[in-house]
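Worksheet: the structure to be examined is printed underneath.
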Amino acid sequence: MSEEVVTPAPVAVEGPHAAGLSVIKDTYDPRLTNEDLAPLAEQKWGSYNIFAFWMSDVHSVGGYLTAGSLFALGLTSWQVFIALIVGIVIVQFFCNLVAKPSQVAGVPYPVVSRAPFGVYGANIAAIIRGSIAIAWYGVQTFLAAGSLDIVLLRFWPGLADWATASEHGFLGLSTVGWGTYAVLWVLQALLFWRGMDTIRKFIDFAGPAVYVVMFILCGYLLYKSDWHIGLNLSEEQLTGYHVFTTMLTAIAVVVSYFSGPMLNFGDFSRYGKSFDAVKKGNFLGLPVNFVLFSLLTVLTASATVPVFGELITDPVETVSKIDNTFAIVLGALTFAIATVGINIVANFISPAFDFSNVDPQRISWRAGGMIAAVGSVLLTPWNWYDDPKAIMYSLSILGALIGPLFGVLIADYYRVRDQKIIVDDLFTTSEAGAYWYKGGFNPDAVWATAVAGAISIASVLVPPNVHHVEWISNWSWFIGCGVGFGLYYLLATRKGSATQEALKVGATAEATEA
């Protein structure tokens, strides 16, 4: 397939801003443009920066909990390991697909989504994605706060009653929990406010730092277990066909967990100095990095059985059981830092772009991020996530909503437009623009997303009530993505469709410019 990107003409306005040095032309409509959404003047991120991004994304409490939850499916340690690796290779493939349009155009996801959805229709995708990120932002902050709770109780045991929601709590969270949540909420907001360059430096440090502590924790537990660990940690004994189908379910869970960062990845690939650098960073940060992550997860969880007498998949709980104050403090603070890392890159930056896209002149990147931060508190995420079963269920629901958006974007860029994007037309409300469609909305993309979303959500809600098809729920992301991809392609390529008419407009504009 051919590849083409029409780059901005000479700079009309440029200046350093929180989201990066931007390029704005006089022809750009203010209703679609601000300094944070405009194409970047400089794309500096190399492979290590992308690698560190994925380390921060993977090494969170939520990441370890999700990996650990696979043991509950009845898999042995080696089966969990294989499922994790296969799942992450699939994630790498999809991340490379979603990275390219943003990298070549230098714009974030909501701006790229103007191509399939229309310059105004892209707000549908932005609001859906931003709302999902708000939920995850609250969850990750809550999980990180749990790490700080352990430190406080270690030094001040008298706070135990105040750390119990039933004794001293409000809206389902204890007084101590509210305090640690507020501390992390403020710290994350301050880090975000400093801008993308500071965030880049933070994640460059945070990912490797967590690895050091995880290696120490794993080595300590293996030493305490006398290096005797079992590889079958499940109470269930799966055999034959059930092993294969359960491993497929585990793979689907891994992909669903990363479905948010996959769709969000364009917000970061836009900073890549080349697409090759982004692909190399993805390779190092996903399959290579995940091999070590998976080994650490499996070995650490396995060692908890002989050391503590029970299987513990929560690293925070594991650290809390160690009879060493320094180890507890170091481990808890490290996991807090790790979770802040994933929260910033996955659930703060992305809604900042999304909400800014809705009204660029009134909502800056910073303002969009703060909308997400406030919303995360109002959702009281601890009330629905502090349950192992809720983890699996919430992943499926979120994947159901994200899948269709992913499918539509990929179908449009790779199959309908043959990897061509006219950057200037992403910022114009002219009816002669390639992405104006009908009043700024592309009905093909809107209908594809609505139908795929309904089918995908149904795949989560209906199967648990129907015997023998419960497994379908775990595949919600794949169902949403596949239906969204296929339906959009059919609607967009039919004769006389809004997409086909827009392609003619784009071809005329390119011919005129040439």
Side-chain angles (χ1 to χ4, degrees), residues 45-68 77 81 84-85 88 140 143-151 154-155 180 184 187-188 191 198-225 227 229 258 261 280-304 307-308 312-346:
W45 286 28
S47 298
Y48 176 78
N49 301 124
I50 301 297
F51 172 44
F53 162 84
W54 284 118
M55 280 196 289
S56 294
D57 227 340
V58 168
H59 305 159
S60 66
V61 176
Y64 284 100
L65 280 173
T66 300
S77 294
F81 178 75
L84 289 170
I85 299 305
I88 211 64
Q140 295 287 7
L143 293 175
S147 299
L148 295 185
D149 291 345
I150 290 174
V151 175
R154 185 71 177 186
F155 285 101
T180 52
L184 284 173
L187 290 176
Q188 290 174 115
L191 176 61
T198 299
I199 292 171
R200 176 186 59 79
K201 294 175 182 176
F202 177 81
I203 61 178
D204 283 352
F205 156 78
V210 176
Y211 252 139
V212 172
V213 174
M214 277 305 299
F215 270 113
I216 294 174
L217 175 62
C218 183
Y220 172 79
L221 291 176
L222 290 174
Y223 171 76
K224 295 292 288 185
S225 68
W227 307 93
I229 59 174
F258 285 99
K280 182 178 179 182
N282 282 347
F283 174 73
L284 295 173
L286 290 170
V288 173
N289 171 49
F290 216 69
V291 167
L292 287 176
F293 168 79
S294 301
L295 283 173
L296 286 172
T297 300
V298 169
L299 291 176
T300 302
S302 299
T304 61
V307 175
F308 302 118
I312 304 174
T313 58
D314 183 345
V316 175
E317 184 181 350
T318 300
V319 168
S320 70
K321 290 182 175 293
I322 297 176
D323 189 22
N324 184 292
T325 299
F326 175 76
I328 290 177
V329 173
L330 177 63
L333 290 179
T334 301
F335 287 124
I337 291 172
T339 306
V340 167
I342 186 177
N343 228 7
I344 290 292
V345 300

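Small disclaimer: the values here were computed from a predicted structure and weren't measured.
- More than 12 heavy atoms of other residues, nucleotides or ligands sit less than 6.0 Å from atom OH of Y48.
- Atom CG of L286 and atom CD1 of I50 lie 10.5 Å apart (nearest 0.5 Å).
- Considering all non-hydrogen atoms of both residues, F215 and L292 come closest at CZ-CD2, 4.3 Å.
- T180 approaches D149 most closely through the heavy-atom pair OG1-OD1, 2.8 Å.
- Note that CG of L217 and CG of L222 are 9.5 Å apart. Values are rounded to the nearest 0.5 Å.
- Taking every heavy atom of both residues into account, I344 and Q188 meet most closely at CD1-O, 3.5 Å.
- Contact between W54 and P261 at its shortest, heavy atoms only, is CZ3-CB, 4.0 Å.
- The distance from atom CD1 of I88 to atom CG of N282, rounded to the nearest 0.5 Å, is 10.0 Å.
- Taking CG of L221 as the start and CH2 of W227 as the end, the distance is 10.5 Å to the nearest 0.5 Å.
- In this structure, CD1 in I199 is found 11.5 Å from CZ in F53, a value given to the nearest 0.5 Å.
- For F283, the side chain to side chain contact (heavy atoms under 4.5 Å, CB included) partners two or more places apart in sequence, or in a different chain, are Q92, P287, V288.
- Between C218 and L299 the shortest heavy-atom distance is SG-CB, 3.7 Å.
- The ring-ring contact (aromatic ring centres under 6.0 Å, His included) check on F290 picks up F258, F293, with sequence neighbours excluded.
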